[in-house]
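Quick notes on the structure that follows.
Keep in mind it's a predicted model, so treat the numbers as computed, not measured.
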Amino acid sequence: MNGNSLIKIKQLKKHYNGGEIKALDGLDLEIEKGEVVVVIGPSGSGKSTFLRSMNLLELPTDGTITFEGVDITDPKTDINKHRQKMGMVFQHFNLFPNMNILKNMTIAPIKLLKISKEDAERKARALLEKVGLGDRAEAYPSQLSGGQKQRVAIVRALCMEPQVMLFDEPTSALDPEMVGEVLDVMKDLARQGMTMVCVTHEMGFAKEVATRVIFMDEGKIIEEGTPDEIFSNPKSDRLKSFLSKIL
Amino acid sequence: MFDKIWTKIVDIAIHLKDTFVMNFITEERWRFLTDGIATTLIITICSMAIGVVLGIIVAAVRSTYDKNREEYEKRGGFGAKILKFFNGVCKIYITVIRGTPIVVQLLIMYYIIFASLTNPIPIAIAAFGINSGAYVAEIFRGGIMAIDHGQFEAGRSLGFNYVQTMIHIVIPQVFKNVLPTLCNEFIALLKETSVVGYIAVQDLTKGIYIIIGRTYSYYMPLIVLALIYLLMVMILTWLVGKLERRLRSSER
């Protein structure tokens with residue numbers, strides 16, 4: 001392993017139509033254990049593609065991603081093993097509608113980590129309790145509000161005991177009054193030392209919990225720094241104009 | 001006036017009774033019905049089972065290839081080549097089976113492929129199973145493609161491989177969604193088996209035909225034949241409907 005870095009990304013590229021469209025155009029990034037990295041940028045800047053290529057839901061055209069010292073872009077790597085350690089939370093929750101909340105949370109640990117049903121359920125219930133949904137374990141996703149669904153999605157990923165959590169615009173599909181409850185869960189998680197990478201439009205969240213903010217545009221990292229540097233002291237014109245539009 | 005109508009009704013009733021006795025009671029001809037129903041049901045149920053298993057496998061191969069084409073083109077490897085080959089085989093299978101009449105398939109099975117077998121029932125089961133598989137495959141493929149891609153991604157992001165995602169997450173949802181269409185296919189299958197007489201299987205239709213050949217009476221046997229098929233289809237529909245309600249109840 002190289003120092004403390006949990007994820008090391010080198011010259012990551014994602015091209016469509018044979019290079020005509022460059023969604024990602026040579027990104028370099030190192031993420032250390034315990035960091036909370038927030039990725040911001042205008043829509044179409046490639047931030048979601050970037051996040052989704054970290055667990056290879058998008059296959060990069062070129063470049064390498066090293067996770068826990070293993071090059072996961074190597075075709076010989078068993079990506080499924082590594083995905084178990086990378087939790088992911090989606091914009092549209094993607095809970096399994098045919099399973100109740102408990103089953104949603106325990107199916108992966110039981111089938112993949114071979115944990116006993118009792119242990120998996122005990123753990124799932126404890127996590128649900130923590131995010132204030134202890135009484136909804138037997139409910140089905142269609143019976144929950146958007147904010148509740150997203151909290152379940154977060155704890156579902158946590159049930160696999162991941163090394164890093166990837167958040168793909170976790171609050172963008174929520175009604176405004178539900179954003180807070182999801183962000184609270186994420187803040188708690190950050191305080192407990194979870195390594196997080198989060199694509200979001202919630203600048204308040206970025207300011208409060210991010211250890212590092214990355215500003216992307218046109219498939220490139222334009223600027224990165226502490227929240228203070230990015231929000232109070234932007235250097236590039238593009239970041240300045242982006243911030244002036246959203247703040 | 002009233003007397004006349006009454007006599008007529010009694011006449012018809014006596015005539016109906018006589019026709020019924022002639023067609024179904026004399027020489028124990030009802031046996032053609034019961035044996036025929038049993039044969040029809042055996043062929044239908046067995047080929048249904050073959051069709052569903054075959055259909056799910058073919059649909060899984062086809063949609064796996066479709067959904068992962070980008071990954072295979074990028075990563076290549078032996079597995080991708082095998083899958084591409086099987087995808088081609090499945091495509092040919094569906095094209096050929098859907099493009100030729102079931103009677104022709106039945107005759108080819110009977111006279112060419114299984115010419116050495118003497119019992120025609122297994123041949124009929126094989127022919128209808130293989131035939132149904134092609135239709136069921138497309139029904140399931142449609143069902144798989146209709147599942148939100150986020151479900152696949154959620155499964156994959158938890159660490160399930162593609163096949164595990166299919167088995168644990170996608171197929172259970174697909175099954176529920178395709179049940180009404182699948183019921184259609186089962187009904188069609190049940191009725192289509194009425195052509196097995198072509199290869200000397202004595203099913204329900206053939207049995208009725210034999211009765212007609214002996215009694216030269218058409219009306220009653222044919223109407224009874226139609227009613228029995230109708231009844232069987234209604235029972236089948238009711239059973240599938242019950243299963244559907246049971247599967248749906250888990251969502252609310």
Next on the checklist: Could you check whether A/Lys117 pairs with A/Glu121 (Lys NZ or Arg NE/NH1/NH2 to Asp/Glu carboxylate O, under 4.0 Å)?
Outcome noted: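 Result for this pair is yes, salt bridge flagged.
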Item to check | Mutual orientation of the aromatic rings belonging to A/His82 and A/Phe67 [parallel < 30°, tilted 30-60°, perpendicular > 60°] | outcome: perpendicular
Are [X] and [Y] close enough that a side-chain donor and a side-chain acceptor fall under 3.5 Å?
| X | Y | answer |
| --- | --- | --- |
| B/Gln105 | B/Asn131 | yes |
| B/Asp203 | B/Thr39 | no |
| A/Asp28 | A/Gln11 | yes |

Next on the checklist: Shorter than 4.5 Å, heavy atoms on both sides: which option in A/Lys81, A/Met88, A/His92, A/Arg156 has the most such pairs with chain B?
Outcome noted: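 Most pairs with chain B among the choices: A/Arg156.
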Next on the checklist: For the interface with chain B, which of A/Leu95, A/Val89, A/Asn100, A/Leu166 has the highest count of heavy-atom pairs at distances below 4.5 Å?
Outcome noted: A/Leu95
Item to check | Close contacts, residues 106-116 of chain A versus chain B, judged by heavy atoms under 4.5 Å | outcome: A/Ile107, A/Ala108, A/Lys111, A/Leu112
Item to check | Toward chain A, the part of B/Asn161 with a non-hydrogen atom under 4.5 Å | outcome: both
Checklist entry - Where do A/Val197 and A/Met54 come nearest, in terms of heavy atoms and distance? => result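 Between these two residues, the closest heavy atoms are CG1-CE, 3.9 Å.
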Next on the checklist: Test: side-chain hydrogen bond (donor to acceptor under 3.5 Å, both in side chains). Region: residues 45-63 of chain B. Which pairs qualify, not counting sequence neighbours?
Outcome noted: none
Item to check | A/Phe90, part contacting chain B, at a heavy-atom distance under 4.5 Å | outcome: side chain
Next on the checklist: Between A/Met160 and chain B, with a heavy-atom cut-off of 4.5 Å, which part of the residue counts as in contact: side chain, backbone, both or neither?
Outcome noted: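 Just its side chain gets close to chain B.
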Checklist entry - Please walk me through it: do A/Gln163 and A/Met86 pass side-chain contact (heavy atoms from CB on, under 4.5 Å)? => result CA-CA 6 Å; A/Gln163 292 296 309; A/Met86 304 169 109; over 6 Å; no
